[in-house]
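Side chains are part of it too, since the values below use all heavy atoms of this structure and drop only hydrogens, waters and symmetry mates. Convention: sequence-line order gives letters A, B, ...; per-chain numbering from 1.
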Number of protein chains: 4
Amino acid sequence: MLDSVKATVEDPALVRSRRAQLVAAAIALFNRQGFFSTTVKDIAREAGFSAGLIYQYVGDKQDVLFLALQKIVETNKERIPAALEGVTDPLARLVTAIEAYCRVLDANGDAVLLTYRESKSLKQAHKDALKQLERETNAMLSACIEDCIASGWLRTEKVELLTYHIVVVAHAWALKHWRLREITTLDEYIRLNVHSAWQACLTPQGKRHQVRLQAGAQSAR
Amino acid sequence: MLDSVKATVEDPALVRSRRAQLVAAAIALFNRQGFFSTTVKDIAREAGFSAGLIYQYVGDKQDVLFLALQKIVETNKERIPAALEGVTDPLARLVTAIEAYCRVLDANGDAVLLTYRESKSLKQAHKDALKQLERETNAMLSACIEDCIASGWLRTEKVELLTYHIVVVAHAWALKHWRLREITTLDEYIRLNVHSAWQACLTPQGKRHQVRLQAGAQSAR
Amino acid sequence: MLDSVKATVEDPALVRSRRAQLVAAAIALFNRQGFFSTTVKDIAREAGFSAGLIYQYVGDKQDVLFLALQKIVETNKERIPAALEGVTDPLARLVTAIEAYCRVLDANGDAVLLTYRESKSLKQAHKDALKQLERETNAMLSACIEDCIASGWLRTEKVELLTYHIVVVAHAWALKHWRLREITTLDEYIRLNVHSAWQACLTPQGKRHQVRLQAGAQSAR
Amino acid sequence: MLDSVKATVEDPALVRSRRAQLVAAAIALFNRQGFFSTTVKDIAREAGFSAGLIYQYVGDKQDVLFLALQKIVETNKERIPAALEGVTDPLARLVTAIEAYCRVLDANGDAVLLTYRESKSLKQAHKDALKQLERETNAMLSACIEDCIASGWLRTEKVELLTYHIVVVAHAWALKHWRLREITTLDEYIRLNVHSAWQACLTPQGKRHQVRLQAGAQSAR
DNA sequence: GATGAATGAGGCTTCATTCAT
DNA sequence: GATGAATGAAGCCTCATTCAT
């Protein structure tokens, strides 16, 4: 993963830390101004080092974009397992995973928009790498769904289609944030829009199980 | 609408036709290469005239982007009323509007992606104009929903939120086309993902009415 | 003179009138914006006809500049004989010629500046033509001076040098107008600066004659 | 003074030396071809570096013009005090200052013409800065004149008007050089035209003092 | 390893000039 | 004769990338 981008500097620890600076600066700027309107010097200044140095850790301006988008997608991917830690009930896991996912997107805000907006500018290999990462993230949601199906709580024709339904509605919170924040809140959005995406697929037993879970959550407070 | 972009040529018919050429060329290229990687000369060549001529019909390269995005959004907006022509039953109207909308997006394909990707590069006034157009398109779906509510077929807390749910799932077909086309078809996507967005809101009467409608459609074939 | 600039239109009366329009427009614009910052379209618009038409009366944008500068210099040249009409006394003729010259320059204002500023942009033949015209104008002043010398009123080593002295001090009124108008008036400037240029050359008889003339002018009022 | 033009390079010594190259190249070219007919690439080539580099030392092509004109006017301004070094007699100082001024103008030749020709193209702030510099130069001549008045050698109604008289006659040597060099020499021009500008203002004592000075100069040889 | 001055290709835009109507 | 749309060369300027220090 690291080697898909070339660095001339040897020390891998240094490479990692420099690239972290680089990527943080890049994400901030790409969000603010977009990829093309951000100059390499902008990135260098924001990252706190000289323009020339960038080319010791990256082959290309495009590589910076790739590292930035990769960082964003990886962050998304890491948060879900963290949130699922300790949760065992399949339906509870699905709910938890979705909520975690939505809240990462909300926090990362326009980074999501960034992946939609600027992916076009990547070389094909990098595009593919990102799509693969996204698939892996989605696979975690799909796994939760399949567990629910195995438990008899859910029924659906195509798991991945349902996954995508959830994913895009979640993404939409970031993509259409300019309008949605005027008419609702994140919590309401999750409840009304995101969760509704899969509730139509609940089996009768699933529904009963859900009621039980909510009652438990209620009394647990 | 026309005057938000300045032309030095007087004849409005000529302005219209030249701009149509321009916009067609621009949409094709922006889809292929993105806004920033497309040069003004590229556009001129694709449109079939000289580079200088562009500036008789447009003040700016950005203006071309605006005209292109505007064209896309307007096309979306025009197809819905056309499809609704002659349909009177509120629920049938909702279904028809949604299907029409999805099929325009499918046809215009990556143009939708374009609006997400490149809107950033517009001047604020142009961004606002596009958002207004989008709101107007959405309002047509909202109106269908409200008719269904008035008829007692649907119930929902926030009409516009439901509208956005539908809209983003529809857009997702274009945004995630690279993956979705591998796992489903447009028809299935509409049935499983788009329509499911509102069916959770059907009232019992609504459900019965829907069954009746589908039976009618069946026998009409 | 006319033929140093080519016209495709035959009718000489038309050529004259069109060119007059052209030149008037050009002088106004060149004064305001300079030669290079004035576009051919600007000139056409100011003159009240289409851009293409200019090329029927002129070969070049440079030709317009030449016609404009020529017009200015010719105007200067024509006013002096007009003012001298009926004046016979040599010293009175000199005074009259200088005053006339200064007042034309004051009226034509920045046109003078124009000849200094933009002559550089002319083709050599046109530069020469203008210098010749300027020499002819100066020759009229020189003639007055020589008459005064012949009458014994003036004495100077080099007539043309004295002429130039007068000319440049007169031009300075236009060239340094931005500052001079803050510290004096045209009348005072003529009295203190322009006329002083030659009064050092008056012979004793010349001085006496001058006193007589002024007394005459006084009593004539 | 330096900061009225922006540079992205930090090192002030480098800025100074690069700008000196730039200005030297620019003055040569502007004299030869005028400001508008000189391209930025021309300047770069003449200065001996790449086109892009110019924009590290200057914001604009116009800024180059400003620096060039500023350099010219400043040179004029610096030579006068240098020439006055050690001269104490007020009348001698006036004569010395004028001669120094004329000889700078003669050496800088067409640079003077440049200030008349191209000032138009400057932004207002830069125009004002140059006018201020010119005023300061003139003030040095005015001071000499006032000393002479205080000593009783000269009498004049308006000191600054007399200063301008001297200045423009001196400038004329550069402006009308194409003709004047045909009919006279610099020395004769200074004697007959420039100095005559103020000799009419000599008081009787002033005249006597002048004779004494010249006698002294004579015997000193 | 780090700096930042230097390079130079290439983009957007203007505008003198032509030419079909 | 007049119009003004169309052409295309060329200018200014930006910026990714290199390289001497």
With a cut-off of less than 4.0 Å, is there a side-chain N or O of [X] near OP1 or OP2 of [N]?
{"X": "C/Arg18", "N": "F/dG1", "result": "no"}
{"X": "A/Tyr57", "N": "E/dA2", "result": "yes"}
{"X": "D/Tyr55", "N": "F/dT14", "result": "no"}

**Request:** Indicate yes or no: does B/Arg45 engage B/Asp42 in a salt bridge with an N to O separation below 4.0 Å.
**Result:**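 Yes, B/Arg45 and B/Asp42 are salt-bridged.
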**Request:** Taking only Lys NZ, Arg NE, NH1 and NH2, and the carboxylate oxygens of Asp or Glu, determine whether A/Glu46 and A/Lys41 approach each other closer than 4.0 Å.
**Result:**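 The answer is no: the pair does not qualify as a salt bridge.
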**Message:** Do C/Lys61 and C/Phe35 form a cation-pi contact, if we require the NZ or CZ to be under 6.0 Å from the six-membered ring centre and within 45 degrees of the ring's axis?
**Reply:**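 Here C/Lys61 passes the 6.0 Å and 45° test against C/Phe35.
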With heavy atoms under 4.0 Å as the rule, sort [X] into base, sugar-phosphate or nothing.
{"X": "C/Glu10", "value": "sugar-phosphate"}
{"X": "C/Thr8", "value": "nothing"}
{"X": "C/Ser37", "value": "nothing"}

Candidate nucleotides [options], ranked by approach to the side chain of [X] - the nearest:
{"X": "C/Asp60", "options": "E/dT17, E/dT7, F/dG8", "result": "E/dT17"}
{"X": "B/Val9", "options": "E/dG1, F/dT17, F/dA5", "result": "F/dA5"}
{"X": "A/Val40", "options": "E/dA2, E/dT17, F/dT17", "result": "F/dT17"}
{"X": "B/Leu53", "options": "F/dT17, F/dA6, E/dA2", "result": "F/dA6"}

**Asked** Relative to the 5' end of DNA chain F, which residue comes earlier, D/Gln56 or B/Leu14, by the nucleotide with the nearest heavy atom?
**Response**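 Upstream on the strand: B/Leu14.
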**Message:** Closest-nucleotide mapping onto DNA chain F: is D/Phe36 or C/Lys41 further toward the 5' terminus? I mean the 5' end.
**Reply:**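 Residue closer to the 5' terminus by nearest nucleotide: C/Lys41.
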**Message:** Heavy-atom nearest nucleotide on DNA chain E for A/Ala51 versus C/Phe35: which residue maps closer to 5'?
**Reply:**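 Comparing both residues, the 5'-ward one is A/Ala51.
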**Prompt:** Should F/dG4 form a Watson-Crick or G-U wobble pair with both distances under 3.5 Å, which nucleotide is its partner?
**Reply:**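 Partner of F/dG4: E/dC19.
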**Request:** Check for a donor-acceptor pair, side chain of C/Arg18 on one end and backbone N or O of C/Tyr57 on the other, with a separation under 3.5 Å.
**Result:**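 A pair under 3.5 Å: no.
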